There are 2 protein chains.
Amino acid sequence: MTQIPLARRSPIPPESCNLASAIEVVGDRWTLLILRAALYGVRRFDDFQAELKCPRTVLSGRLKGLVDAGLLVKRPYKAPGKRARPEYTLSAMGLSLRPILIGLTQWGDAWLGVGESPPISFTKAGTKAAIRAAFVDADGREVRPDQIRTVIRG
Amino acid sequence: MTQIPLARRSPIPPESCNLASAIEVVGDRWTLLILRAALYGVRRFDDFQAELKCPRTVLSGRLKGLVDAGLLVKRPYKAPGKRARPEYTLSAMGLSLRPILIGLTQWGDAWLGVGESPPISFTKAGTKAAIRAAFVDADGREVRPDQIRTVIRG
DNA sequence: AGGTCTGGATTTAGAAAGCGAACCCATACA
DNA sequence: TGTATGGGTTCGCTTTCTAAATCCAGACCT
């Protein structure tokens, strides 16, 4: 196994690290579960609540936070014959988290799955071949994990 | 923008979803910050504490949790001329989260960066060309996000 | 118009977790 | 023998979480 060299501190302090900032935004159980549901198409308050089984206060607060952060857009939704209600849809910012959550799904399949075949898989449109999260260079060719180098002050 | 079709519930319930399970394991602010530091080479209790500035009780609990979940390995570490102490290193399970955290870093660079060039970038060994997190098919060729199809009960 | 239903919340009070500071313990070294 | 150091735990206090009840606005019904 590739061992990471010992360090006393990370190369950049958390307060100026975009990974740490991203963790501040999405690094929360309920927030991640909301994003999971949203990526599956859930948009309405009560649907989120039924899905997550979390206190409505928490849901209300997390939705506000995600709207403030720009991951969700709140806008009125008008079902025919019903009054207008808000719905929460993913912005481009929120949608762009999809590869990360798919990667996390596959990590869960690999390490937490109870042995059965994963209930959800992902394929390339038009084919049946499974896809996986990986690294690619500028030309879209895969880079193996052991070939990755970290460069500071890029 | 590709819109996700409305759904009242997610296609699989959270309790049998490996993504939801993964979120239970790593979906926590301190846990993610610990993994971030570990991926940069931090291994020792006090180094984690100096890095995260979190209460030692919380750090202690999260490290235990990560060891129990199998992401970290706790083993004695013997510096020359010092007494043996525990160190926490990433297992294969923990190391395999690296693509996801790099992906999250790049998401942060794209959406949260304050305008400057990202302080950390990743390249392929031997070259200067930047790499990025993406999806590939079985042959290692990139699959664009809009080409991803979700298949249930795969 | 009045009553009811429904989705989208806020209020309230008790339980859990987070937090900072102080303390403890084992061992290398002077 | 004493001191320094790394790796924790204990102790109160504050914040956050949680569950249940309540509120509110707009359709729909009669």
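None of the values given here were measured: they were computed from a predicted structure. Every heavy atom of this structure was used, including side-chain atoms; hydrogens, water molecules and symmetry mates were not.
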Problem - Distance, rounded to the nearest Å, where R85(A) contributes CZ and dC5(C) contributes C1' - result: 10 Å

Handout entry: Presence of donor-acceptor pair under 3.5 Å, side chain of R83(B) and base of dA28(C)
Key = no

Practice task
Please state how far atom CZ in R43(A) lies from atom P in dG8(C), giving the value in whole angstrom units.
Solution key: 13 Å

Problem - Euclidean distance, atom CZ of residue F48(B) to atom P of dG6(D) [Å, nearest integer] - result: 15 Å

Practice task
Indicate yes or no: does R141(B) engage E142(A) in a salt bridge with an N to O separation below 4.0 Å.
Solution key: no

Practice task
Give the cluster check for V67(A) versus L71(A): same hydrophobic cluster or not, with ILVMFWY residues linked at side-chain heavy-atom distances below 4.5 Å.
Solution key: yes

Exercise for the section: Examine dG8(D): is either OP1 or OP2 under 4.0 Å from a nitrogen or oxygen in the side chain of T57(B)? Give yes or no. Expected result: no

Exercise for the section: Return the 5'-most residue of the pair R56(B), R62(B) with respect to DNA chain C, ranking by each residue's nearest nucleotide. Expected result: R62(B)

Problem - Whole-Å gap separating C1' (dC25(C)) and CZ (F45(B)) - result: 14 Å

Exercise for the section: To the nearest Å, give me how far apart CG (L59(B)) and P (dG8(D)) are. Expected result: 8 Å

Exercise for the section: Please work out if K53(A) contacts a base, only the sugar-phosphate, or nothing of the nucleic acid, heavy-atom cut-off 4.0 Å. Expected result: nothing

Handout entry: Single-linkage hydrophobic cluster I4(B)~L101(A), side-chain heavy atoms < 4.5 angstrom
Key = yes

Exercise for the section: Could you pick out which residue, K82(A) or W30(B), lies toward the 5' side of DNA chain C when each is mapped onto its nearest nucleotide? Expected result: K82(A)

Completion exercise
Walking DNA chain D from its 5' end, the first of R29(A) and R44(B) to be reached, judged by nearest nucleotide, is R44(B)

Practice task
Could you check how far CD1 of I34(A) sits from P of dC17(D), rounded to whole Å?
Solution key: 12 Å

Exercise for the section: On DNA chain D, check which nucleotide each of V58(A) and K78(A) is closest to and give me the residue with the more 5' one. Expected result: V58(A)

Exercise for the section: For Y88(A), answer base if it contacts any base atom (sugar-phosphate contacts may also be present), sugar-phosphate if it contacts only those atoms, and nothing otherwise; contact means non-hydrogen atoms under 4.0 Å. Expected result: sugar-phosphate

Handout entry: Test salt bridge (Lys or Arg N to Asp or Glu O under 4.0 Å) applied to D47(A) and R9(B), step by step
Key = CA-CA 7 Å; D47(A) 293 344; R9(B) 298 298 294 269; over 6 Å; no

Exercise for the section: Mind calculating the distance between CD (Q49(B)) and P (dG8(D)) to the nearest angstrom? Expected result: 12 Å

Practice task
Establish, with yes or no, whether the OP1 or OP2 oxygen of dG8(C) is under 4.0 angstrom from a side-chain nitrogen or oxygen of S60(A).
Solution key: no

Exercise for the section: Look at K74(B) and dG8(D) and indicate whether a side-chain polar atom (N or O) is within less than 4.0 Å of OP1 or OP2. Expected result: yes

Handout entry: Between R44(B) and Y77(B): side-chain donor-acceptor atoms closer than 3.5 Å
Key = yes

Problem - Between C1' of dT6(C) and CZ of R8(B), the distance in whole Å - result: 11 Å

